[in-house]
J.: 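Sharing a structure below in structure tokens format, with a few things to ask.
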Amino acid sequence: MNVSRFGKKMAVQSGIGQLMDDLGAARLQAQEVLMLGGGNPAHIPDVDQCLRRSMTTLLADGNRFEHAVGSYDPPEGSAEFIEAVAHLLRNRFGWGIERRNIALTSGSQLAFFILFNLFAGDYEDGTKKRILFPLIPEYIGYCDVGLTCDFFTAQRPKIEFIDEHTFKYHIDFDRLAIGADIGAICVSRPTNPTGNVLTNAELKRLSDLALSKGIPLIVDNAYGMPFPNIVFTEAEPRWNENTILCMSLSKLGLPGVRTGIVIARPQVIEMIARVNAVMSLAPGGVGPALLTDLVRSGRIIDLAHDVVQPFYRRKMQEAVRQIHDCLTGIDYRIHQPEGAFFVWLWFPNLPITSQQLYERLKQRHVLVVPGQYFFPGLTEPWSHTNECLRVNYAQDHQVVFAGIQIIADEVKRAYACG
Ligand SMILES: Cc1ncc(COP(=O)(O)O)c(C=O)c1O
């Protein structure tokens with residue numbers, strides 16, 4: 001079928017599209033598939049219970065339930081939820097945040113689509129700007145959201161070798177060039193796929209650089225503080241008028257309600273609300289209605305800190321232990337897991353590509369994500385991009401363990417026979 005440039009750009013198969021298709025197909029398959037692929041959070045019993053209680057309370061309150069499902073919110077989203085979030089952030093971090101600093105979107109993925117296309121692409125003066133990822137690997141979901149071509153730019157990270165099997169990427173500030181063609185800088189913190197958490201000093205340096213260039217710093221806080229707080233290091237969140245902080249309810253355990261939260265200067269918030277109106281009239285009201293009381297009382301911070309964070313920390317430690325046990329004897333490296341719920345594995349000089357490894361694992365009913373999708377904007381060739389895998393460890397222990405055993409088996413076979 002003949003379709004427009006928009007159709008060719010957005011409706012062809014993308015990395016994220018392939019991933020979501022594989023996940024969907026796996027769910028339908030009779031044979032059990034070990035799902036270490038997508039970004040699904042775990043079902044944490046205490047969180048599930050808390051959400052169920054919130055839903056019961058909401059259902060019992062005729063006015064609030066009927067409003068949540070029976071009325072459109074304004075295009076920036078539920079006023080009472082936004083007020084509660086503003087209050088929480090003011091209290092918790094002392095940020096000068098008011099209602100006019102917050103807009104909701106139908107999932108934070110949509111926020112990135114809007115923000116990236118606001119700051120990159122063709123400008124009226126004939127110039128063209130890009131989004132800069134100062135640290136890659138970076139989130140697969142960014143790769144295809146640009147409406148024009150040549151939309152991203154990125155540079156190779158510095159690699160710190162922490163011990164024989166552990167490494168960490170750092171921003172190479174000495175090589176970080178921010179020219180007139182950069183419209184905004186973006187980092188995910190914690191980073192999907194690596195679990196890296198930029199230090200407070202690195203974040204401040206990026207923030208100062210962005211400010212000095214007169215461009216915004218977009219920080220993707222989908223796994224960060226104060227919720228869901230899947231952070232295992234000492235890291236403080238940062239916000240100022242030049243920062244656009246994107247949060248989400250998904251990784252707390254609510255990907256189904258599609259609620260993203262953008263915190264930015266009022267000018268940006270107004271633009272988000274206008275795009276919301278065009279694209280979807282208004283963000284959904286059920287997620288905000290479900291969580292308003294938890295946010296208003298501050299209990300969401302305790303839930304994240306006391307339940308969610310220890311849950312994922314334990315799972316991370318188990319997964320890392322299993323990887324070390326299963327991969328002994330071969331050359332492998334794990335990115336230091338500092339947050340989110342992925343381990344990023346690097347197999348130096350792997351004789352097959354990570355895509356081939358992905359295919360072989362899929363044959364054995366293990367779904368992971370091959371590394372090459374996580375380098376948006378990198379134009380120079382780098383063999384490293386074909387030597388890595390992202391493994392989600394949020395699923396049940398038995399599933400993660402069985403998956404890691406099969407990964408180890410296939411990687412050993414690849415090193416032995418190619
Ligand atoms: C780093 C990161 N940002 C954003 C998103 C989008 O999440 P959602 O649209 O569910 O809020 C994800 C989802 O996996 C993610 O991992």
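Scope of the values below: all heavy atoms of this structure, side chains included, with no hydrogens, waters or symmetry mates. Numbering of ligands and ligand atoms starts at 1, following listing order.
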J.: If you take the nearest heavy atom of each of Arg189, Lys251, Arg258, which one is closest to atom 14 (O) of ligand 1?
T.: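 It is Lys251 that holds the nearest heavy atom.
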J.: In terms of atom number and element, which parts of ligand 1 are under 4.0 angstrom from non-hydrogen atoms of Ser250?
T.: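 In order of numbering, the contacting atoms are 8 (P), 10 (O), 11 (O).
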J.: Hey, which atoms in ligand 1 end up nearer than 4.0 Å to a heavy atom of Ala222?
T.: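 Once the distances to Ala222 are compared, the set is 2 (C), 3 (N).
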J.: Please list every donor-acceptor pair under 3.5 Å in which a side-chain atom of residues 215-222 meets a protein atom from a residue at least two apart or in another chain.
T.:
from	atom 1	to	atom 2	distance (Å)
Asp220	OD1	Ala222	N	3.1
Asp220	OD2	Tyr142	OH	2.6
Asn221	ND2	Met225	O	2.7

J.: Side chains of Glu338 and Thr233: do they bring a donor and an acceptor to under 3.5 Å?
T.: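 The answer is no; no qualifying pair exists.
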J.: So does Arg52 get a backbone contact from the side chain of Thr56, meaning a donor-acceptor N/O pair under 3.5 Å?
T.: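 Yes; at least one donor-acceptor contact below 3.5 Å.
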J.: Considering only heavy atoms of Asn192, which atoms of ligand 1 have at least one such atom less than 4.0 Å away?
T.: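 By the 4.0 Å cutoff, the relevant atoms are 1 (C), 15 (C), 16 (O).
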J.: Considering non-hydrogen atoms of the protein only, which is the closest contact for atom 1 (C) of ligand 1, and what is the distance?
T.: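 The closest one turns out to be Asp220 OD2, 3.2 Å.
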J.: What atoms of ligand 1 come closer than 4.0 angstrom to any heavy atom of Ser248?
T.: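 In order of number, 8 (P), 11 (O).
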J.: Which atoms from ligand 1 have a heavy atom of Tyr223 less than 4.0 Å away?
T.: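 Going through ligand 1 atom by atom, the ones under 4.0 Å from Tyr223 are 1 (C), 14 (O), 15 (C), 16 (O).
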J.: Could you label the plane-to-plane angle of the Trp239 and Trp95 rings as parallel, tilted or perpendicular, counting under 30° as parallel and over 60° as perpendicular?
T.: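 Answer is tilted, since the angle falls between 30° and 60°.
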J.: Show me which atoms of ligand 1 lie under 4.0 Å from any heavy atom of Ser108.
T.: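 So the atoms of ligand 1 that pass are 4 (C), 5 (C), 6 (C), 7 (O), 8 (P), 9 (O), 11 (O).
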J.: With a 3.5 Å cut-off and sequence neighbours excluded, list the donor-acceptor pairs that the side chains of residues 270-287 form with protein atoms.
T.:
from	atom 1	to	atom 2	distance (Å)
Asn276	ND2	Pro75	O	2.8
Asn276	ND2	Leu104	O	2.8
Ser280	OG	Asn276	O	3.4

J.: So which heavy atom in the protein is nearest atom 5 (C) of ligand 1, and how far is it from that ligand atom?
T.: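 Looking at atom 5 (C) of ligand 1, the protein heavy atom closest to it is Tyr139 OH, 3.4 Å.
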J.: Working to the nearest 0.5 Å, report the span between CZ of Phe81 and CG of Leu249.
T.: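 The CZ atom of Phe81 sits 5.0 Å away from the CG atom of Leu249.
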J.: Should the pair Lys129 and Tyr123 be classed as cation-pi, given the thresholds of under 6.0 Å to the six-membered ring centre and 45° from the axis?
T.: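 Pair Lys129/Tyr123 counts as cation-pi.
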J.: Within ligand 1, which atoms have a heavy atom of Gly107 less than 4.0 Å away?
T.: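 Near Gly107, the atoms of ligand 1 are 9 (O), 11 (O).
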